[in-house]
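One structure below.
Worth saying up front: this structure is predicted, and the values here are computed from it rather than measured. Read the numbers this way: they start at 1 and go in the same order the structure lists the ligands and their atoms.
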Amino acid sequence: MEITTIVNGVSYRVDVKSNDRLTDLLRKRLGLMSVKEGCGVGDCGLCVVLLDGKPVNACLVLAYQAAGREITTVEALGSHENLHPLQRAFVDVGAVQCGFCIPSALLVLKHLLDSKPSASREEVRHALRSVLCRCGSYLRFEEAFERARQR
Ligand code: FES
Ligand code: FES
């Protein structure tokens, strides 16, 4: 079936099969490599994207469900020249180790920053529970959120 979806502000008309996942569409078809494939079953959160502004695990969403909706991946968050405040804060506090979970962590925290900038440390921690960081950077993520909030 043919669907139209908006990804990072650009409208795409694509043919998808009924069982294509959103991860397949974003990574394989549109080349957005920040969308990682980890567990593939909704456990690791490494495939998080924002769907109409809210974090979802793209491996659990079928591509056709993105029809008429807006998707944001970390590619749209900032640029080398103009980092998003969260990206700047991640660099400043040294939150990035292997980097594999960073796109998801940034998107989860962006949603929190936009929806509840006054979030408590506990709420930040709760939001990050959906992202598996094998390097254990969670305390740095929390610190980065605090810095980004202050900016
Ligand atoms: Fe693990 Fe999607 S790949 S939750
Ligand atoms: Fe390595 Fe999170 S920075 S998995």
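- Taking a cutoff of 4.0 Å between a charged side-chain nitrogen and a carboxylate oxygen, Asp92 and Arg151 qualify as a salt bridge.
- Ile6 is not listed as a side-chain neighbour of Ile71, based on a closest heavy-atom distance of 4.5 Å or more.
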In a table with atom names and distances, give each donor-acceptor pair under 3.5 Å that connects a side chain of residues 42-53 to protein atoms at least two apart or in another chain.
unit_1: Asp52; atom_1: OD1; unit_2: Glu70; atom_2: N; d: 2.8
unit_1: Asp52; atom_1: OD2; unit_2: Arg69; atom_2: NE; d: 3.0

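- Side-chain contact of Glu122 with Ser120: a donor-acceptor pair under 3.5 Å is absent, judged by distance alone.
- Atom 2 (Fe) of ligand 2 has no N, O or S atom of Cys98 inside 2.8 Å of it.
- Close approach of ligand 2 to Cys133 is summarised as follows: ligand atoms under 4.0 Å from at least one heavy atom of the residue are 2 (Fe), 3 (S), 4 (S).
- A heavy-atom cutoff of 4.0 Å around ligand 1 is satisfied by the protein residues Gly38, Cys39, Gly40, Gly42, Asp43, Cys44, Gly45, Cys47, Asn57, Cys59.
- Taking 4.5 Å as the limit, some side-chain heavy atom of Met1 sits within range of a side-chain heavy atom of Ser18.
- At least one N/O/S atom of Cys101, whether from backbone or side chain, sits less than 2.8 Å from atom 2 (Fe) of ligand 2.
- With ligand atoms numbered from 1 in the order given, ligand 2 contributes 1 (Fe), 3 (S) to contacts under 4.0 Å with heavy atoms of Gly99.
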Stepwise salt bridge (charged side-chain N to carboxylate O under 4.0 Å, His left out) test for Arg27 and Glu37: CA-CA 9 Å; Arg27 258 186 90 82; Glu37 174 89 44; over 6 Å; no
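- The side-chain heavy atoms of Asp24 and Leu22, taken from C-beta on, include no pair separated by under 4.5 Å.
- The Arg134 neighbourhood of ligand 2 comprises atoms 4 (S), with distances under 4.0 Å to a heavy atom of that residue.
- Inspection of the Thr73 and Asn8 side chains reveals an N or O donor paired with an N or O acceptor under 3.5 Å.
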